[in-house]
Amino acid sequence: MESDKHQAERKTLDERAKMTELERIRHSCAHVMATAILRLWPDAQFAAGPPVENGFYYDVDLQHRISPEDFPKIEEEMKREIKANRVFEKIVVTREQAMKDAQSGRLGGLRERPAPSKFKIGNLEDIPEGEPISYFKNGDFIDLCAGPHVMRTGNIGAFRLTSVASAYYKGDEKNPQLQRIYGTAFKNKTELEAYFTMVEEAKKRDHRKIGQEMGLFAIDTEFVGPGLPLWLPKGAAIVEELERLAKETEFAAGYVRVKTPHIAKEKMYLTSGHLPKLYAESMFPPMEFREKQLTGEFAGAERIYQQAASAKQDIELDEEESWLIEHYNELREKRTPGTELSDESREYLASLPSDKAKEAVNCAMERFLVDLGRLSMKDKAEAMLPPIERYYLKAMNCPHHHRIFAAEPRSYRDLPLRLAEYGTNYRYEQSGELFGLMRVRSLNMNDAHIYCQPEKFTEEFNAVNELYLKYFKIFGLEKYVMRFSTHDPKRLGEKFVNEPELWIQTENMVRDVLKSSGINYVEVPNEAAFYGPKIDVQVWSAIGREFSIATNQVDFAVPKRFGLVYRDRDNTDKTPLCIHRAPLGTHERFIGFLIEHYAGNFPLWLAPEQVRVLTIGDDPPLVDYAKSTVAELRDNMVRASGDYGTDPIKAKIANAEQAKVHTMLVIGARDMAAHAVSVRLHGKGNVGAKPKGQVVAEILAAIKERLA
RNA sequence: GCCAGUUUAGCUCAGUGGUAGAGCAACGGUUUUGUAAACCGUCGGUCCUCGGUUCGAAUCCGAGAACUGGCUCCA
């Protein structure tokens with residue numbers, strides 16, 4: 001199974017040959033790093049050392065625990081190897097020769113060693129029969145490697161080791177744990193430095209840090225739970241602006257809004273196919289209960305006993321009855337199944353007087369003892385209880401929306417039906433996955449489902465893409481790519497619903513749209529949703545970091561499972577196609593992204609604090625003038641506040657700048673006399689005094705147009 | 001979930017076995033000010049939690065929680 005997966009992900013030689021220049025540099029640098037590590041620790045066992053998005057790594061098994069303090073000496077050795085400018089020599093060998101060299105410890109080594117190159121043996125076994133086997137050699141270092149590489153070690157322009165982490169051999173936790181040494185390399189020093197500048201900038205823009213400083217959100221792990229962010233007022237302001245944006249654009253595009261509950265019965269997800277297996281581990285465990293019943297094996301007796309106990313307070317019990325209650329309490333505590341009712345107890349029961357309170361006691365006693373004594377009675381009681389219901393927190397909105405589709409008969413004239421909702425979804429992310437706002441367990445989705453006739457798919461899908469591009473423009477996202485994920489025919493019925501023709505058909509439709517619309521996309525096999533092909537939208541922030549923000553999926557399977565139909569022109573029932581789309585993804589992740597993108601300096605329309613009016617001193621007439629300015633803005637739904645205290649104006653400005661208030665209006669005696677305000681923009685400084693009316697109008701216009 | 005590291009005041013962080021600290025914030029007062037921080041004072045702590053070692057634990061050990069960096073997964 002694992003090796004199967006491994007095979008599926010294994011790069012073909014053709015794909016490898018497509019390695020970019022930068023990837024070759026990085027991959028070669030990994031070999032140089034291995035060379036250096038072997039000089040320092042000759043017994044190191046290497047596993048895999050590929051180029052990755054921001055550099056490269058090499059997995060190594062080594063007694064010594066490599067820490068960043070070791071980096072300088074490793075880098076020293078690496079520099080020596082680069083300076084020696086050795087040729088990367090490709091050597092093609094037979095499988096037998098390779099196995100022999102691996103056994104002798106020569107592969108991933110500088111010379112033959114006492115221990116065999118155990119991971120290289122494993123790697124060798126993964127190479128399919130018939131594929132050529134090659135080494136790459138630089139100096140003494142020989143590695144099992146398909147390449148390609150740069151010509152010489154000297155072609156590695158600039159590099160640096162960055163971190164060390166742990167990783168399992170072949171990514172499988174059953175395999176030994178290795179030390180993964182990360183580094184990065186570039187054509188030249190300038191590019192290397194630019195990269196580290198970007199990394200530094202990303203640290204400064206970390207959404208968790210800025211979110212804390214600006215008071216946007218809080219994660220209260222003790223009372224609310226990990227991965228369940230609380231939106232503070234300033235963060236909620238951003239959420240609301242995004243919702244407003246989506247509502248406006250979706251309204252214009254013919255969407256209708258719906259609202260659905262946060263939970264649903266198990267049947268919902270058994271029908272959708274998320275349960276029992278496909279999505280179960282991403283969902284919170286269910287809430288289980290019986291309708292209007294106490295739970296527990298003695299629920300019925302318990303309730304009667306409670307009645308008896310409350311009745312007891314109002315009446316006087318004789319000695320006998322008191323004994324009975326006590327006796328019952330005692331039995332109740334023991335609760336030993338299989339205990340038979342004693343003759344004595346029976347007699348007491350039989351001899352009880354029959355007034356109301358005593359009857360209740362009697363009843364409780366009898367019921368309890370029956371339950372206690374005879375398991376078969378317990379089972380009978382169980383059968384008489386209502387069945388246990390299981391409710392799940394929704395991890396996605398689509399099943400609820402499908403039920404909305406099903407709630408009324410649909411004609412082809414009703415289509416496309418575009419149902420939009422801001423639902424909160426709950427996903428049980430593994431604890432190690434949680435990360436600020438970027439990976440959470442409660443997700444606010446800008447979600448919608450479009451039900452359409454298959455022949456209208458192209459049109460609808462195009463419209464969705466247009467919507468995405470519109471949003472990119474508003475947020476100033478210049479670089480994006482649509483990752484088009486398709487299915488793997490080998491995993492039908494397991495990871496993907498078993499509908500081979502529909503998969504091919506819908507994937508072709510999506511591909512055609514992407515091609516003909518000229519949208520920038522890449523195709524990724526084997527990563528589709530279980531119900532259909534998927535498009536993940538990747539965008540790059542202002543500092544060039546990549547984020548997966550939005551998703552867009554085609555669903556040909558689940559509407560069918562729910563039996564959704566519309567009456568077509570030819571008077572037959574047909575199943576609609578469903579497009580899932582969430583252009584702003586989750587508000588959590590999207591805002592996390594925006595924080596980095598804008599470094600917390602949001603455009604006016606998004607800024608949590610749009611305007612702050614600062615008075616120079618606290619003379620009452622001045623404060624009145626300032627307050628009337630704030631009131632005028634707030635009447636127009638501008639998030640404006642005032643700082644009317646006695647702090648020096650420099651201090652008020654420093655506070656406002658630190659809070660990243662977009663527009664500061666400074667008001668002194670001079671301004672008041674001229675019916676003006678002095679405008680200062682965050683990060684841009686003083687832009688001078690202007691008539692108050694003009695400033696207000698400009699602010700309102702900038703907000704309305706969502707200017708960057 | 002797995003591996004490693006971290007956790008001290010609201011925030012940022014000092015404090016390596018002997019009385020728990022600083023700056024900022026908050027609060028009280030003084031200051032009446034023109035574009036990034038005026039002064040004085042006060043308050044604030046279960047040193048993540050539980051257990052152990054010790055005459056004595058923020059500090060050493062063990063378990064747990066949360067966070068961070070990776071792995072796997074993903075919006």
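Chain letters run A, B, ... following the sequence lines, proteins first and then strands; every chain starts at 1.
A:Lys660 contributes no side-chain N or O that, together with a main-chain N or O of A:Phe602, makes up a donor-acceptor pair within less than 3.5 Å. No donor-acceptor pair under 3.5 Å is formed between the side chain of A:Tyr392 and the backbone N or O of A:Tyr269. No donor-acceptor pair under 3.5 Å is formed between the side chain of A:Gln538 and the backbone N or O of A:Glu546.
In this structure, A:Lys234 pairs ionically with A:Glu609, as a charged nitrogen and a carboxylate oxygen lie closer than 4.0 Å. Between A:Arg26 and A:Glu23, no side-chain nitrogen of the basic residue sits less than 4.0 Å from a carboxylate oxygen of the acidic one, so the salt-bridge criterion is not met.
Within the nucleic acid shown, A:Lys534 comes within 4.0 Å of sugar-phosphate atoms alone, with no base atom in reach, counting heavy atoms only. Among the heavy atoms of the strands lying under 4.0 Å from A:Gly436 are primed sugar atoms or P, OP1, OP2 only; no base atom is included. In this structure, A:Arg581 reaches neither bases nor backbone, as no heavy-atom distance under 4.0 Å exists between it and the strands shown. Residue-level contact check: A:Ser548 touches the backbone only, with heavy atoms under 4.0 Å from sugar-phosphate atoms and none from bases. Counting non-hydrogen atoms under 4.0 angstrom, A:Ile219 reaches nothing in the nucleic acid. Using a 4.0 Å heavy-atom criterion, one finds that A:Leu614 contacts no nucleic acid atom at all. Backbone-only engagement by A:Tyr182 is indicated by non-hydrogen atom pairs under 4.0 Å involving sugar-phosphate atoms exclusively. In this structure, A:Met664 reaches neither bases nor backbone, as no heavy-atom distance under 4.0 Å exists between it and the strands shown.
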Inset, instruction - Classify every nucleotide of nucleotides 31-36 of chain B by which part a protein heavy atom approaches to under 4.0 Å, writing B for the base, S for the sugar-phosphate alone and - for neither, in 5'-to-3' order. - result: BBBBBB
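Atom CZ of A:Phe435 is separated from atom C1' of B:C71 by 16 Å (rounded to the nearest Å). Separating the CG atom of A:Asp59 from the P atom of B:G70 is a distance of 14 Å, rounded to the nearest angstrom. Here B:U68 presents its P atom at 12 Å from CD of A:Gln212, a figure rounded to the nearest Å. Between the CD atom of A:Gln538 and the P atom of B:A75 there is a distance of 12 Å, given to the nearest Å. Distance A:Asp206 CG to B:U12 P: 12 Å, rounded to the nearest Å. Between A:Asn526 atom CG and B:C73 atom C1' the separation is 14 Å, expressed in whole Å. In this structure, the CG atom of A:Asn397 is 14 Å from the P atom of B:A75, given to the nearest Å. As rounded to whole Å, 17 Å separates atom C1' of B:C67 from atom CD of A:Gln430.
With A:Asn397 as the partner, the side-chain hydrogen bond (donor to acceptor under 3.5 Å, both in side chains) test is satisfied by one option alone out of A:His401, A:His400, A:Lys394: A:Lys394. The side chain to side chain contact (heavy atoms under 4.5 Å, CB included) with A:Lys692 is formed by just one residue from the set A:Thr629, A:Ile667, A:Leu665, A:Asp671; it is A:Thr629. Of the candidates A:Phe547, A:Phe475, A:Phe472, A:Tyr480 forms a ring-ring contact (aromatic ring centres under 6.0 Å, His included) with just one, namely A:Phe472.
Looking at A:Glu429, its side chain comes within 3.5 Å of the base of B:A75 through a donor and an acceptor atom. One can find a donor-acceptor pair under 3.5 Å joining the base of B:C73 and the side-chain atoms of A:Arg439.
Sequence order on RNA chain B of the closest nucleotides to A:Asp536 and A:Tyr57 puts A:Tyr57 first from the 5' end. Nucleotides of RNA chain B nearest to A:Glu281 and A:Arg208 differ in position, and the one nearer the 5' end is that of A:Arg208.
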Legend entry - Which nucleotides of RNA chain B pair, in dot-bracket form (Watson-Crick or G-U under 3.5 Å, | meaning another strand): (((((((..((((....[..)))).(((((.......))))).....(((((..]....))))))))))))....
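Applying the side chain to side chain donor-acceptor pair (under 3.5 Å) definition to pairs two or more places apart or across chains, none involves residues 221-231 of chain A.
Only the P atoms considered, B:U31 is 39 Å distant from B:A20, to the nearest whole Å. As rounded to the nearest Å, B:C11 and B:A26 have P atoms that lie 15 Å from one another. For the C1' atoms, the distance linking B:G10 with B:C27 amounts to 13 Å, nearest Å. Between the P atoms of B:A14 and B:U7, the separation comes to 9 Å (whole Å). Taking atom C1' in both B:U72 and B:G64, the straight-line distance is 24 Å, to the nearest Å.
Between A:Arg589 and B:C74 there is no side-chain polar atom (N or O) within less than 4.0 angstrom of OP1 or OP2.
Taking the six-membered ring where tryptophan is involved, the planes of A:Tyr426 and A:Phe284 are perpendicular, since the angle between them exceeds 60° and thus also 30°.
Under a cutoff of 6.0 Å and an axis angle of 45°, A:Arg180 and A:Tyr57 form a cation-pi pair.
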